[in-house]
Amino acid sequence: YDIVIEGVSLVTNYRGQFSQEVRQNGLDSLIKKMANNQIEFKFPKGALITLAIIFTAIILVSKSAITIGSGERGVLYKWIGGVVTDEPPLDEGFNFVMPWNKVFKYNVRQQELFEEKMSVLSSNGLEIKLDASVLYQATTSTVALLHQTRGEAYEDDVIIPAIRSATRSVVGRYTPEQLYSTKRDAIQTEIFEETKKILAPQFIQLNSVLVRDVTLPPTIKTAIERKLKQEQESLEYEFRLVTARKEAEKQIIEAQGKADANKILSASLNDRILQDKGIEATIKLSQSSNSKVVIIGSGKSGMPIILGNQ
C-alpha cells in the first residue's frame, strides 16, 4: 500500500532515502542503521498534519455513527444537558450523533421475567412456593424517562421487587386450599392488578402475570386432595338422592292421576250407559264376516253372549 500526500508518495520518498544510503555506505550499513534506529525517516512537508486529520476524522465518524437494532430504541445522553427527555428516542437503523454524546439502547419488545419458587405465606401462616411469569415491556414514548429515573437495571431494581410484593400481599388473603383449587384464576388476576399499579408510575408496561405453579407442603397437599375427593363423593351421593326423590315424586303423580281418572270414570257410568255400549258392540260384531254363535238374552243384564271361532 502507498499513501500519496500533496502529490508525494511515501513509498517513493522512503525508497529514495534508502537508495542514497546504499550507494554511499552499502546495504550492510543500511540494515545495521535500521536495526539501531539510526535511520531518520523524512516525511513530505505537511504529511503528518494530513495523516492526523485523516485519523481524527475516522475516529469521529466511528464514534458518531450509531446503529439501533430491530425492536430497540436509543436514549440520547448529551455531555451538556444530560438525558434528552423532550425529544423522541432514536429509532431503529442508522443514526448520527455528536461523538461526545452517548446513546443507551433499550429493548422495547415484550419480554418475560420468570420468578421461580417465590416464598409466600397463606392466610393461616403456611409457607407456599409459587412460580410466576411476568410479561412486560419498556414503553417507547417514555423510555428516556425510564433511563433517567430507573436506569438499565430496571428489571432487577423495579419489576422483581414489584411482583414479589404483590404476590405476598395477594396470597396472604387466601387459604392453601383456595390457592390449590378454587381461587387460582382470581389470585392470578389480583396479582396482575396490584403489580400493574406499582409499575404504572415507573414507565413500564405490564402485559400479563401468569401463575405457573403452586407448591404446597406435602402433608397439606394430601389433606386437600382427600378433602376434595370426599366433597366430590358427597356431591355425587346428593345428586343420586335428588334423582331418586324426583323419580318417586313422578311415580306418585302418575298413580294419583290414574286414580283420579278411574274415580271420575266410575262416577260417570250407570247401568243404562253400559247397556247402550253393549248394544253398540253387539251390532258391530254381528256385522263382522267371521263365523260366530249368538245366544240372545243369556247375560246377567240381558245382553247377548257371542261365541265364535276367532
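Note that these values count all heavy atoms, side chains included, but never hydrogens, waters or copies made by symmetry.
Put simply, CD on Glu112 and CD on Gln110 are 8.5 Å apart, with the number rounded to the nearest 0.5 Å. For the atom pair OH of Tyr154 and CG of Leu199, the computed distance is 10.5 Å after rounding to the nearest 0.5 Å. Taking CD of Gln148 as the start and CZ of Phe104 as the end, the distance is 12.0 Å to the nearest 0.5 Å. For the atom pair Gln251 CD and Glu249 CD, the distance stands at 11.0 Å (nearest 0.5 Å). Taking OG from Ser169 and CZ from Arg164, the interatomic distance works out to 16.0 Å, rounded to the nearest 0.5 Å. The CG atom of Asp213 lies 5.5 Å from the NZ atom of Lys117; values are rounded to the nearest 0.5 Å.
In this structure the side chain of Glu115 never reaches within 4.5 angstrom of the side chain of Asp131, judged on heavy atoms. Side chains of Leu146 and Thr139 form no contact here, defined as non-hydrogen atoms less than 4.5 Å apart. Thr175 places none of its side-chain heavy atoms less than 4.5 Å from the side chain of Ser122. No side-chain heavy atom of Leu206 sits under 4.5 Å from any side-chain heavy atom of Ile204. Side-chain contact between Asp185 and Ile187 is absent, with no heavy atoms from C-beta onward closer than 4.5 Å.
Lys246 NZ: 12 or fewer foreign heavy atoms inside a 6.0 Å radius. With a 6.0 Å radius and a threshold of 12 heavy atoms from other residues, nucleotides or ligands, Lys129 has its NZ atom above the threshold.
When hydrophobic clusters are built by joining Ile, Leu, Val, Met, Phe, Trp and Tyr residues whose side-chain heavy atoms come closer than 4.5 Å, directly or via intermediates, Ile159 is not grouped with Val108. Connection of Phe192 to Ile198 is not established within any shared hydrophobic cluster, with ILVMFWY side chains joined at heavy-atom distances below 4.5 Å, either directly or through further cluster members. When the side chains of ILVMFWY residues are joined at heavy-atom separations under 4.5 Å, either directly or via intervening members, Leu135 and Leu130 end up in two distinct hydrophobic clusters.
Under the side-chain hydrogen bond (donor to acceptor under 3.5 Å, both in side chains) criterion, Glu190 pairs with Arg173, Tyr174, not counting sequence neighbours. Among residues two or more places apart in sequence or in another chain, the ring pair (Phe, Tyr, Trp, His ring centres under 6.0 Å) test is passed with Tyr106 by His147.
The two residues Ser119 and Arg168 have their closest heavy-atom pair at O-NE, 3.6 Å. For Ala65 against Phe94, the heavy-atom pair with the smallest separation is CB-CE1, 3.3 Å. Summarising the geometry of Leu90 relative to Val97, their closest heavy-atom pair is CD1-CG1, 4.1 Å, with the distance given to 0.1 Å. Nearest heavy-atom pair, Ser133 versus Arg212, reported as atom, atom and distance to 0.1 Å: OG-NE, 2.9 Å. Looking at every heavy atom in both residues, Ile191 comes nearest to Ala166 through O-CB, 4.0 Å. Here the closest non-hydrogen pair linking Pro161 and Asp156 is CD-O, 3.3 Å.
Put simply, the side chain of Thr167 gets close to the backbone of Ile163: a donor and an acceptor are under 3.5 Å apart. At distances below 3.5 Å, at least one donor-acceptor pair connects side-chain atoms of Lys105 with backbone N or O atoms of Thr67. With Asn101 contributing its side chain and Trp79 its backbone, the two residues share a donor-acceptor pair below 3.5 Å.
Using a 4.0 Å cut-off between a side-chain N of Lys or Arg and a carboxylate O of Asp or Glu, Glu72 and Arg109 do not qualify as a salt bridge.
Listed by first and then second residue, the salt bridge (charged side-chain N to carboxylate O under 4.0 Å, His left out) pairs that reach into residues 135-155 come to none, sequence neighbours excluded.
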